[in-house]
S.K.: 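Structure provided below as structure tokens; questions to follow.
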Amino acid sequence: MTPLDLEAQLARLQTMGIDALRAVWRERYGTRPTVRSPDVLRRLLADRLQTELWGRDIELERDLERLARTYARGGAVSRAAPRFRPGSVLVREHAGEMHRVEVLDDGFRWNDQRWRTLSQIAREITGVRWNGPRFFGLREAA
């Protein structure tokens, strides 16, 4: 498959209904898809087609599988929180003091301590409950 072939196949997926998408899945992968949402199935097919051409993106795979499981259970799916590579640094000024938070594999480091969530750090900084991603400017206010 070439990039042009992939582009044509992805465009074709956008015009298909759920029954046609399921048929493509069964034909290509020999199994019955477990998702009910045409949008999610379209995304899963697109991911697999791109993976066949360019290789795997493990993080994207995990996100798509989480989305598929949530839809399969009938739940609503919210936009995932932003993800950062370990070593990234988030900076926030509060009350005249600059705060630097390092992203770790399994949480965050602030003031030479490990923290599980940004919300815990935001609460320590401000003394009140905060949505951590919102405090650090990663999510807009509702």
Side-chain angles (χ1 to χ4, degrees), residues 1-14 16-18 20-142:
M1 176 176 8
T2 69
L4 286 177
D5 295 334
L6 174 66
E7 190 174 321
Q9 287 184 38
L10 294 176
R12 191 171 58 108
L13 291 177
Q14 294 303 313
M16 293 179 164
I18 187 67
L21 291 166
R22 287 179 179 146
V24 169
W25 184 278
R26 280 191 302 273
E27 181 182 314
R28 291 191 71 88
Y29 306 111
T31 62
R32 190 171 167 226
T34 59
V35 297
R36 296 181 298 206
S37 165
D39 183 52
V40 173
L41 186 52
R42 224 176 256 115
R43 290 171 192 238
L44 288 168
L45 282 165
D47 176 60
R48 290 227 178 162
L49 291 170
Q50 291 174 75
T51 298
E52 289 171 15
L53 181 62
W54 290 305
R56 295 178 68 182
D57 181 337
I58 302 300
E59 187 173 315
L60 178 61
E61 258 181 55
R62 282 190 208 122
D63 288 345
L64 288 170
E65 287 170 3
R66 178 190 59 81
L67 212 80
R69 282 192 308 273
T70 302
Y71 265 98
R73 289 191 315 262
V77 176
S78 62
R79 200 172 114 214
R83 293 191 181 177
F84 299 96
R85 289 188 172 172
S88 297
V89 177
L90 306 174
V91 180
R92 172 62 153 58
E93 186 273 330
H94 178 75
E97 187 177 341
M98 196 62 77
H99 298 276
R100 297 173 52 88
V101 176
E102 180 185 357
V103 178
L104 306 173
D105 283 325
D106 58 348
F108 304 91
R109 180 185 321 279
W110 173 72
N111 277 358
D112 295 324
Q113 292 183 342
R114 288 169 103 58
W115 301 83
R116 269 190 30 239
T117 69
L118 287 174
S119 295
Q120 292 172 325
I121 297 169
R123 186 173 189 173
E124 276 298 306
I125 291 171
T126 65
V128 297
R129 286 188 182 269
W130 261 93
N131 175 292
R134 185 174 297 149
F135 178 80
F136 284 95
L138 305 175
R139 185 182 299 162
E140 291 182 25

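Only this structure's heavy atoms are used, side chains among them; waters, hydrogens and symmetry mates stay out.
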S.K.: Once side chain to side chain contact (heavy atoms under 4.5 Å, CB included) is applied, do any residues pair with Asn131, and if so which ones, sequence neighbours excluded?
M.R.: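 Asn131 satisfies side chain to side chain contact (heavy atoms under 4.5 Å, CB included) with Pro133, Arg134, Arg139 only.
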S.K.: If the condition is side chain to side chain donor-acceptor pair (under 3.5 Å), which residues does Arg43 pass it with, not counting sequence neighbours?
M.R.: Asp39
S.K.: Kindly write out the residues that satisfy ring pair (Phe, Tyr, Trp, His ring centres under 6.0 Å) with Trp110, not counting sequence neighbours, or none if the list is empty.
M.R.: His99, Trp115
S.K.: Going by side chain to side chain contact (heavy atoms under 4.5 Å, CB included), name the residues that satisfy it together with Thr34, two or more places apart in sequence or in a different chain.
M.R.: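 Counting only residues at least two positions away or on another chain, Thr34 forms no side chain to side chain contact (heavy atoms under 4.5 Å, CB included).
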S.K.: Just how far is it from atom CD1 of Ile125 to atom CG of Asn111, taken to the nearest 0.5 Å?
M.R.: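 So the gap between those two atoms works out to 7.5 Å.
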S.K.: Evaluate Leu49 against Leu53 for side chain to side chain contact (heavy atoms under 4.5 Å, CB included), listing each step before the verdict.
M.R.: CA-CA 7 Å; Leu49 291 170; Leu53 181 62; over 6 Å; no
S.K.: Which distance, rounded to the nearest 0.5 Å, do you find between the CD1 of Ile121 and the CG of Leu90?
M.R.: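 Result: 8.5 Å between the selected atoms.
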S.K.: Tell me which pairs pass ring pair (Phe, Tyr, Trp, His ring centres under 6.0 Å) where either residue lies in residues 26-45, with sequence neighbours left out.
M.R.: Trp25-Tyr29
S.K.: So which atom in Leu41 and which in Pro33 form the shortest heavy-atom distance, rounded to 0.1 Å?
M.R.: CD1-CB, 3.8 Å
S.K.: Return the set of residues passing side chain to side chain donor-acceptor pair (under 3.5 Å) with Arg28 (not counting sequence neighbours), or none when no residue passes.
M.R.: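 In terms of side chain to side chain donor-acceptor pair (under 3.5 Å), with neighbours along the sequence ignored, Arg28 is linked to Glu52.
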S.K.: Please enumerate all residues that pass salt bridge (Lys or Arg N to Asp or Glu O under 4.0 Å) together with Glu102, with sequence neighbours excluded.
M.R.: Arg109
S.K.: With sequence neighbours excluded, what pairs up with Arg129 under the side chain to side chain contact (heavy atoms under 4.5 Å, CB included) test?
M.R.: Arg123
S.K.: Sub-3.5 Å donor-acceptor pair from the side chain of Arg42 to the main-chain atoms of Met16, do we have one?
M.R.: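 Pair found, side chain donor or acceptor close to backbone of Met16.
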S.K.: Do any side-chain atoms of residues 1-8 form donor-acceptor pairs under 3.5 angstrom with protein atoms, and if so which ones, sequence neighbours left out?
M.R.:
| unit_1 | atom_1 | unit_2 | atom_2 | d |
| --- | --- | --- | --- | --- |
| Thr2 | OG1 | Leu4 | N | 3.4 |
| Thr2 | OG1 | Asp5 | N | 3.1 |
| Thr2 | OG1 | Asp5 | OD2 | 3.2 |
| Asp5 | OD2 | Thr2 | N | 3.2 |

S.K.: Ignoring hydrogens and geometry, is there a side-chain-to-backbone donor-acceptor pair from Glu27 to Ala23 under 3.5 Å?
M.R.: no
S.K.: Between Leu118 and Phe108, is the side chain to side chain contact (heavy atoms under 4.5 Å, CB included) condition met? List the steps.
M.R.: CA-CA 7 Å; Leu118 287 174; Phe108 304 91; 3.6 Å; yes
S.K.: Can you sort out the partners of Trp130 under side chain to side chain donor-acceptor pair (under 3.5 Å), two or more places apart, ordered by chain and number?
M.R.: none
S.K.: Taking side chain to side chain donor-acceptor pair (under 3.5 Å) as the definition, give me every residue that meets it alongside Arg114, ordered by chain and number, with sequence neighbours left out.
M.R.: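 With sequence neighbours excluded, Arg114 shows a side chain to side chain donor-acceptor pair (under 3.5 Å) to Asp106, given in chain and number order.
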S.K.: Suppose we screen for side chain to side chain contact (heavy atoms under 4.5 Å, CB included). Which residues come up paired with Arg100, at least two apart in sequence or across chains?
M.R.: Val89, Val91
S.K.: Rounded to the nearest 0.5 Å, what separation is found between the CG atom of Leu45 and the CG atom of Leu13?
M.R.: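 Between Leu45 CG and Leu13 CG, I get 5.5 Å after rounding to 0.5 Å.
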